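Fair warning: this is a prediction, and the values are worked out from it, not measured in the lab.
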Amino acid sequence: MTRLISRDIEYRFGDTRMIGYLAAPDTGEATPGILLVHDAFGLTDDLLEQAEQYAEQGFAVFAADVWGERHRPQDTDGIGPLIGGMVGDRDEWMGRIRAAHDTMAAQDEVDPGAIVAVGWCFGGSTALEHLRTGGDLRGVVGIHAGLDLLAPGWDSADPTARVLLCTGADDPMATPSQRAALESALTQVGIDWETDLYGHTKHAFTSAALEHAPANPVFAYNPRAASRARHATTRFLGETLALVSTTA
């Protein structure tokens with residue numbers, strides 16, 4: 001097992017105190033990095049565990065704390081105002097993710113020129129918006145990202161970046177027209193993109209907590225789609241950061 005370094009890192013944007021989490025191989029060298037962006041439920045224990053799993057593969061990983069103070073909403077009543085607040089104030093939203101990116105890039109364990117953002121749901125939207133608005137990223141992986149939250153205009157995006165979108169065919173937050181609009185915009189600015197579309201799959205398909213939940217027209221766990229997205233992400237990271245084997 002790879003020996004890891006891990007620590008909480010406090011950072012700020014405006015009056016908001018955020019507490020991110022760094023996990024990296026203990027090599028004494030700067031390595032390519034993954035900026036992990038949580039879903040609407042915040043920086044959970046599950047995401048911290050995923051950060052360590054990616055670090056064991058050889059990446060320096062920084063899990064951002066977009067909500068601040070490690071806030072973890074417990075239900076949808078608490079989530080709506082948080083997402084609405086970010087979408088309603090995009091300068092604040094992007095300011096928080098840029099602060100996370102800058103904090104990550106300043107760590108000795110991280111190669112600041114080799115960072116890919118990986119996000120789920122709201123986190124996937126955040127990662128895509130960060131790239132769209134000029135984030136210095138090698139690439140983005142958006143896993144059941146809410147494409148309904150994206151603003152138009154990709155002229156500020158780095159055309160050398162890559163994008164992987166892992167999404168469900170039945171996701172009402174990533175409709176065929178929304179997917180087509182994103183793909184067209186990425187094509188127009190020259191970004192290399194890939195959409196992995198999973199049939200019979202709704203939003204939040206990686207969330208095992210939904211496995212025994214009542215039937216819902218929007219959300220559902222799909223273990224096969226979750227596995228496919230995980231393998232696609234591993235391959236994408238290998239291709240983009242030239243670190244993980246593309247046969248993994």
Original post:
Within a strict 4.5 Å, meaning less than it, do heavy atoms of the Val37 and Val66 side chains meet?
Top reply: yes
Subject >> Minimum-distance pair of heavy atoms, taken over all atoms of Ala60 and Val110 >> reply: CB-CG2, 3.8 Å
Original post:
Considering all heavy atoms of both residues, which atom of Gly33 and which atom of Leu241 are nearest to each other, and what is their separation?
Top reply: O-CD1, 3.8 Å
**OP:** Would you check if Leu4 and Glu52 make a side-chain contact, meaning some heavy-atom pair closer than 4.5 Å?
**Re:** yes
Original post:
Cut-off 3.5 Å, side chains only: do Gln50 and Arg230 have a donor facing an acceptor?
Top reply: no
Subject >> Non-hydrogen atoms of Ala161 and Leu131 that approach each other most closely >> reply: CB-CD1, 3.8 Å
Original post:
Hey, is the main chain of Arg12 close enough, under 3.5 Å, to the side chain of Thr16 for a donor-acceptor pair?
Top reply: no
Original post:
Is the backbone N or O of Ala180 less than 3.5 Å from a side-chain atom of Ser184, with the two atoms forming a donor-acceptor pair by type?
Top reply: no
**OP:** Spell out, yes or no, whether Ile143 and Leu48 are grouped together once hydrophobic residues are joined by side-chain heavy atoms under 4.5 Å, including indirect joins.
**Re:** yes
Original post:
For Glu56 and Arg3, what are the C-alpha separation, side-chain angles and deciding distance, and is it a salt bridge (charged side-chain N to carboxylate O under 4.0 Å, His left out)?
Top reply: CA-CA 8 Å; Glu56 287 173 355; Arg3 182 177 176 179; over 6 Å; no
Original post:
Just how far is it from atom CH2 of Trp154 to atom CG of Leu186, taken to the nearest 0.5 Å?
Top reply: 5.0 Å
**OP:** Hey, could you give me the CD/OH distance between Glu211 and Tyr221, rounded to the nearest 0.5 Å?
**Re:** 6.0 Å
**OP:** First locate atom CG of Asp170, then atom OH of Tyr198, and finally report the distance between them rounded to the nearest 0.5 Å.
**Re:** 14.0 Å
Original post:
Are any non-hydrogen side-chain atoms of His71 and Pro73 less than 4.5 angstrom apart?
Top reply: yes
Original post:
Within the distance-only criterion (no hydrogens, no angle test), does the side chain of Arg17 pair as donor or acceptor with the backbone N or O of Tyr11 below 3.5 angstrom?
Top reply: no
Subject >> Straight-line distance of Gln188 CD to Asp155 CG, nearest 0.5 Å >> reply: 9.0 Å
Original post:
Under a 4.5 Å cut-off applied to non-hydrogen side-chain atoms, are Asp171 and Phe205 in contact?
Top reply: no
**OP:** Applying side-chain hydrogen bond (donor to acceptor under 3.5 Å, both in side chains) between His144 and each of Asn222, Thr206, Thr201, report the one that passes.
**Re:** Thr206
**OP:** Could you tell me whether the side chain of Gln107 and the main chain of Met104 form a donor-acceptor pair under 3.5 Å?
**Re:** no
Original post:
Would a 4.5 Å heavy-atom cut-off, applied to side chains only, mark Leu147 and Leu128 as touching?
Top reply: yes
Original post:
Quick one: do Glu129 and Arg90 make a salt bridge, cutoff under 4.0 Å?
Top reply: yes
**OP:** Please round to the nearest 0.5 Å and tell me the distance separating atom OG1 of Thr187 and atom CH2 of Trp193.
**Re:** 5.5 Å
Original post:
Counting distance only, does the side-chain N/O of Arg72 pair as donor-acceptor with the main-chain N or O of Leu43 below 3.5 Å?
Top reply: yes
Subject >> Reported CZ-to-CG distance for the pair Arg132 and Leu137, which is rounded to 0.5 angstrom >> reply: 13.5 Å
**OP:** Scan side-chain atoms only and decide if Glu183 and Thr195 contain a donor-acceptor pair under the 3.5 Å cut-off.
**Re:** yes
**OP:** Test side chain to side chain donor-acceptor pair (under 3.5 Å) on Thr160 and Asp158 and set out the steps.
**Re:** CA-CA 5 Å; Thr160 67; Asp158 183 349; 2.8 Å; yes
Original post:
Can Arg96 and Glu92 be counted as an ion pair, charged N to O under 4.0 angstrom?
Top reply: yes
Original post:
Is there a side-chain contact between Phe62 and His101, using heavy atoms and a 4.5 Å cut-off?
Top reply: no
Subject >> Intermediate values then yes/no, ring pair (Phe, Tyr, Trp, His ring centres under 6.0 Å), Trp93 and Phe13 >> reply: CA-CA 10 Å; Trp93 184 13; Phe13 180 73; over 10 Å; no
**OP:** Kindly check if the number of other-residue, nucleotide or ligand heavy atoms within 6.0 Å of CG (Asp75) is above 12?
**Re:** yes
Original post:
Of the non-hydrogen atoms in Ala145 and Ser125, which two are nearest, and what is the gap between them?
Top reply: CB-N, 3.8 Å
Original post:
Centroid-to-centroid, Trp120 to Phe41, below 6.0 Å?
Top reply: no
Original post:
Is there a donor-acceptor pair closer than 3.5 Å between any side-chain N or O of Arg138 and the backbone N or O of Arg162?
Top reply: no
**OP:** Can you sort out the partners of Asp8 under side-chain contact (heavy atoms from CB on, under 4.5 Å), two or more places apart, ordered by chain and number?
**Re:** Ile19, Tyr21, Arg70
Original post:
Between Glu194 and Arg235, is there a side-chain N and carboxylate O pair less than 4.0 Å apart?
Top reply: yes
